[in-house]
Novice: 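For reference, the structure I am asking about is given below.
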Amino acid sequence: MIIRKSPAELEKMRKAGLLVYRILQRLRELVQPGVSTLDLEAEAERMMKDAGAKPAFKGYYVPAAGGRYPFVLCTSVNEEVVHGMPSAKRILKEGDIISIDTGVAVDGYFGDSAITVPVGQVSEEVKRLLAVTEESLELAISQMKAGNRLFDVCGAVERHVTQNGFSVVREFVGHGIGASLHEEPQVPNYVDRRNENPRLKEGMVLAIEPMVNAGRPETKVLGDRWTAVTCDGSYAAHFEHTVAVTSNGPWVLTRP
Ligand code: MF3
Ligand code: CO
């Protein structure tokens with residue numbers, strides 16, 4: 001069942017969304033060679049505490065990993081696709097890319113967003129990977145209109161990514177979001193005809209999160225049971241927004 005949100009609930013999700021936005025903008029400024037992914041975690045955790053918000057990821061139980069996620073951020077560097085864990089030993093260097101993914105709850109309602117940031121100068125091909133992934137998210141957002149269907153959103157990502165010669169990750173998906181971090185429906189970054197294709201209605205909220213590999217689509221999870229990496233070692237990019245369907249069209253809750 002897809003839970004639709006009232007205008008009052010959307011206002012709470014908006015508060016969460018804007019805090020996530022502020023945190024990601026701050027972390028983007030901090031990213032530079034020499035900074036560790038744990039430095040980013042510390043700043044994010046401090047900002048959540050100061051705002052009186054609850055981290056959405058820390059303590060979140062994921063059955064596939066067999067445990068609770070230990071950090072407020074996922075920091076996935078280069079060939080890491082998602083769920084990379086902050087570490088003092090992971091020092092960013094020129095030419096890296098880092099996906100920073102975070103979520104919070106404010107007044108019981110969640111916001112979830114991710115950006116991928118270059119560290120110093122990166123190659124033209126890596127710039128293109130980041131641009132195409134972010135564009136695919138924008139195209140998906142523009143499909144978040146009442147009367148459209150879920151596959152319009154999923155298909156927008158898939159089409160843009162494949163037309164540009166990159167591949168969409170299939171093992172991880174976006175999701176409905178509201179008073180829980182993960183709600184129905186699943187939001188794959190491709191049209192998955194095994195799933196239903198519900199019509200989008202006012203009050204539906206989706207976390208849309210294209211995960212795109214520069215090379216082959218396959219991923220595997222490392223021995224830590226969390227970090228997902230590309231099988232071929234190619235770089236991966238990840239952008240995410242929490243987006244509501246309203247009578248005025250798409251409302252991106254995780255940006256101003
Ligand atoms: N944005 C991801 C998601 O919504 C991050 C979740 S990490 C977890 O699935 F540890 F909380 F699972
Ligand atoms: Co998410």
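None of these values were measured; they are calculated from a predicted model. Computation of the quantities below employed the complete heavy-atom set of this structure, encompassing side-chain atoms and omitting hydrogens, waters and symmetry-equivalent molecules. In each ligand, atom 1 is the first atom listed, and ligand 1 is the first ligand listed. Here, residue 1 is the first one in the sequence, and each next residue gets the next number.
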Novice: For atom 1 (N) of ligand 1, what is the closest protein heavy atom, and at what distance to 0.1 Å?
Specialist: Asp101 OD2, 2.6 Å
Novice: Below 4.0 angstrom, N of the basic side chain to O of the carboxylate: do Lys93 and Asp96 qualify?
Specialist: yes
Novice: Can you list every side chain to side chain donor-acceptor pair (under 3.5 Å) pair that touches residues 204-222, not counting sequence neighbours?
Specialist: Glu171-Thr219, His175-Glu209, Glu209-His238, Arg216-Glu218
Novice: Tell me how many protein N, O or S atoms are closer than 2.8 Å to the Co ion (ligand 2).
Specialist: 4
Novice: Checking Thr242 side chain against Ala207 main chain: does a donor-acceptor pair fall under 3.5 Å?
Specialist: no
Novice: Excluding sequence neighbours, so at least two apart, what forms ring pair (Phe, Tyr, Trp, His ring centres under 6.0 Å) with Tyr190?
Specialist: none
Novice: Is there at least one pair of N or O atoms, one from Tyr69 and one from ligand 1, spaced under 3.5 Å apart?
Specialist: no
Novice: Roughly how far apart are Glu80 CD and Leu222 CG, rounded to 0.5 Å?
Specialist: 7.0 Å
Novice: What is the nearest protein non-hydrogen atom to atom 9 (O) of ligand 1, stated with its residue, atom name and distance?
Specialist: His182 NE2, 2.8 Å
Novice: Could you tell me whether Trp226 and ligand 1 have an N or O pair separated by under 3.5 Å?
Specialist: no
Novice: Cluster partners of Tyr60, using ILVMFWY side-chain heavy atoms under 4.5 angstrom, listed by chain and number?
Specialist: Leu10, Met13, Leu38, Phe57, Val62, Tyr69, Phe71, Met85, Tyr109, Phe110, Ile177, Leu181, Val205, Trp226, Trp251, Leu253
Novice: Please state which option from Cys74, Pro70, Gly59 has its nearest heavy atom closest to atom 7 (S) of ligand 1.
Specialist: Cys74
Novice: Mind checking whether Lys58 has a heavy atom under 4.0 Å from ligand 1?
Specialist: no
Novice: For His175 and ligand 1, does the shortest N/O to N/O distance drop below 3.5 Å?
Specialist: yes
